[in-house]
Amino acid sequence: MFDLDLFLQAIFSAPLFKGALLTIGLSLCVMAVSLALGMGLGSMAGSPRRSARWLATLYVWLFRGAPALLVLLFVWNGLPQISEIFRAGWFTPFFAAFLALSLIQIAYLAEILRSAFAAVGHGQREGAAALGMHRWQIFLIITMPQALRIAVPALMNEFISLLKATSLATVISLKELMTVSQFAIATSFRFLEWYGAALVYYLVIVSVLTLAQNRIEHVLSRGYR
Amino acid sequence: MNTQTAIQVSGVSKWYGTFQVLKSIDLAVNKGERIVICGPSGSGKSTLIRCMNRLEEHQQGSIVVNGVELTSHLKRIDRVRSDVGMVFQHFNLFPHLTVLENCTVAQRWVRKLPKKQAVEVAMKYLERVHIPEKADKYPGQLSGGQQQRVAIARALCMNPSIMLFDEPTSALDPEMVKEVLDTMISLAADGMTMVCVTHEMNFAREVASEVVFMDGGQIIERNKPGILFSAPTHERTKRFLGKLLH
């Protein structure tokens, strides 16, 4: 039956802990890059230029439509077939997973950010422009903080989904939480204990994120209470 | 154009698609003058004032502000804008910043003033509009009249040479109109160059050097407030004033 000692051992084992760090690290990298590029794509989607809007729509259509597993395998196995570059040493499972998940995440975040920026009234930009503020100053100081406040709950949802989607990278043998658990099970055949331990890690990480979300929302909602 | 001219609008036309909102407008505002623009909604008065700091672009004619012509070639329109204060109908205060931060943000980022100095300037103008005690509040915690006074203080903090008011009292409850108008009257008394789009005829009578009546994208007539209100020459002006003054 369930071996509590082994379960605790699994939780505190070095490989699982390292796997969790990798999961968190990968998620953070993907999220950071996707936020920045998602904003760019989101503003393209709202651009007055038709070609820009069209390009943004095409991107979102492609990467929201493609399953994450397929994109992962395409990047890891397909890209090396396309070019020599992707056969070099730097093209690690971590980088491939980062690239594949970012491509998808950008598409989702672009939609969220576009609507959040649109929800910040036009008057805010005009008010700042009338004071002589420059375009990027208006973006950074006036519109972005207000758009983020609107977007935080949806962004956090996406971040949690992403965190769990990193487990798909087990198919390209990235040593994240799930892969490490599978390895341990392959030698011990103790499914309950290792899956249980991995579950605990995911739940703890998501709990911390939820607390962080509350904190961020609290800070960004100053002035709205 | 002489050095006494703050804003020179010459032959300005503007279209939204095929609809012409401004039809060859000529208007000069001298330094220290207070121009009140009135007219029915859709007459183009707000569009005209918004062209004066290029929140809207005109397609024909020229607009010169403090000696700088506003064109699409003007790389640093923000420099012109920082010298022209604007007060909006819906205040456009930044809800995520405190009243004090609303008043210091442009000083610090546009004028590059150190924080301490920006705060001093902000507090001076918040006192001037009689709400220094609200400095640490957020705009959402203030009444409409208080918010509009903060918006005036925020614009004044940039030490502008011209102030534009785009229907500053139209979104206010009646009992709050006076506190905003009083602030504007005291500003006029200090010799500020002002262009106001407003329907507050008592305000116009008290402070305006000239009242401009617009309809259908054109300036129909203009005169000293005493004359325009008591003896308008055009039928459209008479009808409009008749409705406004009952």
Side-chain angles (χ1 to χ4, degrees), chain A residues 35 39 42-43 46-50 52-53 112-156 212-225, chain B residues 46 49-50 52-56 75-112 136-142 147 150-151 153-160 162-166 171:
Chain A
L35 267 177
M39 263 181 215
S43 67
S47 156
R49 288 223 314 277
R50 182 190 275 190
R53 283 203 309 274
I112 294 170
L113 291 167
R114 184 181 57 78
S115 62
F117 272 91
V120 178
H122 199 61
Q124 289 295 304
R125 244 155 288 165
E126 287 189 344
L131 288 166
M133 291 173 79
H134 208 56
R135 271 179 62 180
W136 65 265
Q137 293 174 331
I138 297 174
F139 174 78
L140 281 179
I141 308 166
I142 305 302
T143 45
M144 194 171 74
Q146 297 186 55
L148 282 184
R149 183 187 76 87
I150 299 166
V152 160
L155 290 178
M156 204 46 101
Q213 176 182 356
N214 292 340
R215 187 71 214 138
I216 294 168
E217 280 184 28
H218 186 79
V219 169
L220 286 176
S221 69
R222 275 178 315 197
Y224 297 87
R225 286 190 285 273
Chain B
S46 276
I49 200 172
R50 287 162 56 83
M52 291 176 182
N53 64 352
R54 212 168 167 75
L55 287 182
E56 305 264 1
K75 287 278 177 269
R76 300 303 304 269
I77 181 64
D78 40 322
R79 287 197 187 143
V80 178
R81 284 177 180 154
S82 69
D83 199 32
V84 179
M86 186 162 205
V87 175
F88 299 86
Q89 181 177 359
H90 296 290
F91 329 135
N92 295 359
L93 292 176
F94 310 129
H96 62 304
L97 302 179
T98 64
V99 164
L100 188 64
E101 287 164 342
N102 264 277
C103 294
T104 54
V105 65
Q107 292 189 70
R108 300 198 58 199
W109 288 84
V110 178
R111 295 270 189 258
K112 314 285 183 204
D136 295 322
K137 298 269 190 248
Y138 286 92
Q141 297 169 308
L142 307 185
Q147 289 191 49
V150 171
R154 178 176 76 172
L156 291 176
C157 281
M158 297 299 281
N159 197 20
I162 302 166
M163 284 286 284
L164 307 176
F165 293 85
D166 187 5

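Here is the naming used below: chain letters follow the sequence lines, and residue numbers restart at 1 for every chain.
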Does A/R222 use its side chain to pair, donor to acceptor, with the backbone of A/V219 at less than 3.5 Å? yes
Segment of A/E126 engaging chain B (4.5 angstrom heavy-atom cut-off): both
Do you know the tightest heavy-atom contact between A/L113 and A/L35?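 Nearest pair, atom of A/L113 first, then A/L35: CD1-O, 3.8 Å.
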Which heavy-atom pair separates B/A155 from A/L131 by the least distance, and what is that distance? CA-CD2, 4.3 Å
Chain A heavy atoms under 4.5 Å from [X]: which part of the residue, side chain, backbone, both or neither?
X: B/H90; result: neither
X: B/R76; result: side chain
X: B/F94; result: both

If you tally heavy-atom pairs under 4.5 Å against chain B, which of A/H134, A/M133, A/R149 wins?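 The answer is A/H134.
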Parallel, tilted or perpendicular, as decided by the 30° and 60° cut-offs, for the rings of A/F139 and A/F117: parallel
Check this for me: B/R79, atom CZ, are more than 12 non-hydrogen atoms of other residues, nucleotides or ligands nearer than 6.0 Å? no
In terms of heavy-atom pairs under 4.5 Å with chain A, the winner among B/P95, B/P160, B/A151, B/S82 is B/P95
Contact leader toward chain A among B/V84, B/T98, B/V80, B/L93, where contacts are heavy-atom pairs under 4.5 Å: B/L93
Heavy atoms, side chains only, cut-off 4.5 Å: are B/V99 and B/R154 in contact?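 Heavy-atom side-chain distance check fails, nothing below 4.5 Å.
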